Structure formats: C-alpha cells, structure tokens
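To start, the structure under review is shown below, and the notes come after it.
Index from 1, following the sequence. The analysis underlying the following values was restricted to heavy atoms, covering all of them including side chains, and did not include hydrogens, waters or symmetry mates. Since the structure is predicted, the reported quantities are computational estimates derived from the model, not experimental observations.
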Amino acid sequence: MSEPYLSINLESIKYNSMLLSSKTNRECELIAIIKADAYGHGALEVCQALESINVFAVARLSEGVALKASGIKKDILVFSGINTHRELMQALEHELTVVIHTESQLDILRALPACCELNCWVKFDSGMHRLGLHIDELSRTLSALNDMPYIKVNGVLSHYSSADSDSERSLLQLDKFECAVSNIDINSSITNSAGLLQGYFREQSHARIGLSLYGVSPFSNKIGYDFGLRASQTLNAYVISVRQHCKNEPVGYDGIWISEQDTNLAVIGIGYADGYPRSAKSGTPVLIHGVEYPLVGRVSMDLICVDIGNDSEVKVGDEVVLWGGALPIEHIARCAGVIPYELLTGVSKRVNRRYFNN
Ligand SMILES: *Cc1c(COP(=O)(O)O)cnc(C)c1O
C-alpha cells in the first residue's frame, strides 16, 4: 500500500485523560469531548477506549444518535441541544442528554409526552456571547424546567471565549459563572482544555476536555509535550516518485517556488483532499527517515513535493511523516497559518485510520 494513513494511539488518549484528571480538583469529573469524530480520531473507538470516563460530549444530535446506535451506553451530552419536536423525539429515543441554551427550546420541551424522561444541562452565557442564557433567563429557565416533572437538570455549564490567550477575561467569566450558580445546589462546568491547563477553575464538578485529550496544546507558543501530554496521532504517507530537478525551474501549480540549484524532489502521495493544509508554506517540514525536508511549491489535491537535495537516499516507497512523532502538529499548524483543531478535524475520510495500543 502506498496510500496515506492516520495512525492513532488509543493508549496515549487514555494516558492523557488520566494526566488531565490529575490536574483538576479531586471531586471533578472529566467530560471527554468527542465531537467531529473525536477530533478525527474516531468517536466510537475513543469512546470504547476511555473506560474510566462516564460522560462524553458531541456537538450535534446526529453524532450522539450514531454513538448510541453503535451500542454506547454511557451518558452523551449534545451541545447544540434540540431545536425541533422531531429532534426532541430523537433525543428521547436514544437517551441523549441535551443542552438548553435558549428559552425557545422550552416551548419544544413543554410538548414532551408525559411518560418520558429527558436529561439536560443548562447553558449560561458568562461572556462568550455565542450560545447561552443571560442571568435573568437562567433563573427563569431553571424554574420552568423545575416545573416539568419529566425533565432532569444535570447541571449548569458555560464556555470560555479566550482561555488560551486572555487570563483577565477568563477569570471574569469564572467569577460571573460562580456567581450565577452560587445559590443553586447543582453540578457545574466551565473549563475546556486551555482553562484546565491554566488553572481557570475552582469547585466545578465537571471539566470538558477536547484538544488536550488528544495530546495537543491549545496555546500557540507551546506543544502538548510541554504539559506532559502524549500526541495521539501521526499522519503518514509515502514517496511515490523521486525526480531530478533543474536550477531555476518552478514546481507545481502556479510555479510559486523556483529552485536555486540543481536538486532532487520527492513527490509524496498526500494533498489537501486528505486534509494536509493547502495553506502550508514552502519550507514546512516533512519527515523522512527522521530527517526534516522542506515542502516546496503548492500543496495539490493529492500530492506534495519536497526538496531532498543531492545527497539523500530517499527513494520511492519510503514512509513520510507529515505530523506527529518528532514533528508536532502545533508546528505544522503554525506553518500553515491554522490552528491544530483545524488539522485534526480536517483529515478526510479518504485517509485510513489504523489503531495502535502502545
Ligand atoms: C469543543 C468544546 C469543548 C472542548 O474544547 P477544547 O478546547 O477542545 O478542550 C468544551 N466545551 C464546549 C462547549 C465545546 O464546544
């Protein structure tokens, strides 16, 4: 086989969950975020591997439905909640836990059949100003839900807007959140990966952890390794051609890179249709036999070119690492002007996933 593949180390994900858990308060439970197919790692596989986690979260109802249909029995929280009666019925049928983030969702819940039971979390807007209830809406919503005997409120959550970059803003959000839930005897959750690693939490019962679970740093100046995290994936491809390339000749679409000397190019069978970012600049490192070589020219749909110089022994069939291992995904993201979240969630279906447990 000479096609690209993504190797995924489930043991690293388990290790990261333990490490992150040890960084929280003793009473705090991790909610493992497995939206977007567990950031590309395979939601079902990650869910099955994380035996010690009891609560998982996804963005959309269909993601939760698919996991329940695959036999997952654990609690699955759906961040977007339900917005139609049909979605409510689906949530009930698959025993999904939904987030209530706007009062208009209450009208849908009022039509709940009497025999049903639905679990929910209520979302408070502490400063992100995207989804979530304002303070007066929060108390109204909690009392409205209290009057619906078939609804169980599991907790109140909120979300940081800038935990990776702005401590003042984050601590204000934390204060505002604590204040909002201070008189309610209920579970609470505000922190994501960045907030957890920065210590922006106090006595909340749950922490919601995505990126760092996969060993990746949410901070642009750090890598996961700096926090003791283990990278959970490597993106691999193969050299499919090695060619001589003349001085002053361009390579690839638009000829944006021109060689300053006679050299050799390795053509590698991976491109933007696989999720390798088209925005990766010439010079982005690619690893072959543990040696870094620079990407040259535009990333094509299915191919990239690398300048291997005149003394390398790189040959057709050699395996290439695009990120992972000695090539942190955080560095590649920076070379492409994107965030690691985009790279992880962008690896396309065309790329085979191979699972390892070591
Ligand atoms: C994605 C998401 C998280 C996890 O964020 P990370 O930065 O990946 O840890 C937590 N909470 C909500 C509401 C999210 O959408």
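- For Glu3, the CD atom is loosely surrounded, since the number of other residues' heavy atoms within 6.0 Å does not exceed 12.
- Within the model, atoms CD of Gln48 and NZ of Lys74 stand 10.0 Å from one another, a figure rounded to the nearest 0.5 Å.
- No side-chain donor from either of Ser312 and Asn264 sits under 3.5 Å from a side-chain acceptor of the other.
- Under the ring pair (Phe, Tyr, Trp, His ring centres under 6.0 Å) criterion, His41 pairs with Tyr214, not counting sequence neighbours.
- Scored by the side-chain contact (heavy atoms from CB on, under 4.5 Å) test, Tyr225 finds Ile223 as partners (sequence neighbours excluded).
- In this structure, the separation between CG on Asn357 and OG on Ser12 is 9.5 Å, given to the nearest 0.5 Å.
- Taking each heavy atom of Ser170 and Ala163 in turn, the nearest pair found is OG-CA, 3.4 Å.
- Side chains of Ser220 and Arg334: no donor on one and acceptor on the other come within 3.5 Å.
- Other residues, nucleotides and ligands contribute over 12 non-hydrogen atoms within 6.0 Å of the NE2 atom of His289.
- Listed by chain and number, the residues in a ring pair (Phe, Tyr, Trp, His ring centres under 6.0 Å) with His206 are Trp121 (sequence neighbours excluded).
- The other residues sharing a hydrophobic cluster with Tyr5 are Tyr238, where clustering joins ILVMFWY side chains under 4.5 Å apart.
- Remark: Asp318 pairs with Lys315 by the salt bridge (Lys or Arg N to Asp or Glu O under 4.0 Å) rule, at least two apart or across chains.
- Separating the NE2 atom in His101 from the NE2 atom in His159 is a distance of 13.0 Å, to the nearest 0.5 Å.
- When all heavy atoms of Ala336 and Pro277 are compared, the pair lying nearest together is CB-CG, 3.6 Å.
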Arg298 vs Asp254, test: salt bridge (Lys or Arg N to Asp or Glu O under 4.0 Å). Steps then yes/no. CA-CA 8 Å; Arg298 280 237 199 285; Asp254 307 326; 2.8 Å; yes
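- Between Val181 and Ser188 the shortest heavy-atom distance is CG2-CB, 4.5 Å.
- Between the side chains of Asn154 and Lys152, at least one donor N or O lies within less than 3.5 Å of an accepting N or O.
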One pair to check against side-chain hydrogen bond (donor to acceptor under 3.5 Å, both in side chains): Arg208 and Thr191. What are the steps and the verdict? CA-CA 6 Å; Arg208 305 187 307 275; Thr191 197; over 6 Å; no
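- Taking the six-membered ring for Trp and the full ring otherwise, the centers of Phe227 and Phe219 sit less than 6.0 Å from each other.
- With contacts defined as side-chain heavy-atom distances shorter than 4.5 Å, the pair Tyr272/Ser348 does not qualify.
- Listed here is the closest heavy atom pair of Leu118 and Leu96: CD1-O, 3.8 Å.
- At a threshold of 4.5 Å between non-hydrogen side-chain atoms, the residues Thr234 and Trp323 do not count as touching.
- A 6.0 Å sphere centred on CZ of Arg350 holds more than 12 heavy atoms belonging to other residues, nucleotides or ligands.
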Passes side chain to side chain contact (heavy atoms under 4.5 Å, CB included), Ile82 versus Thr84? Steps please. CA-CA 6 Å; Ile82 44 109; Thr84 63; over 6 Å; no
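- The list of salt bridge (charged side-chain N to carboxylate O under 4.0 Å, His left out) pairs with a residue in residues 80-103, not counting sequence neighbours, reads Glu103-Arg140.
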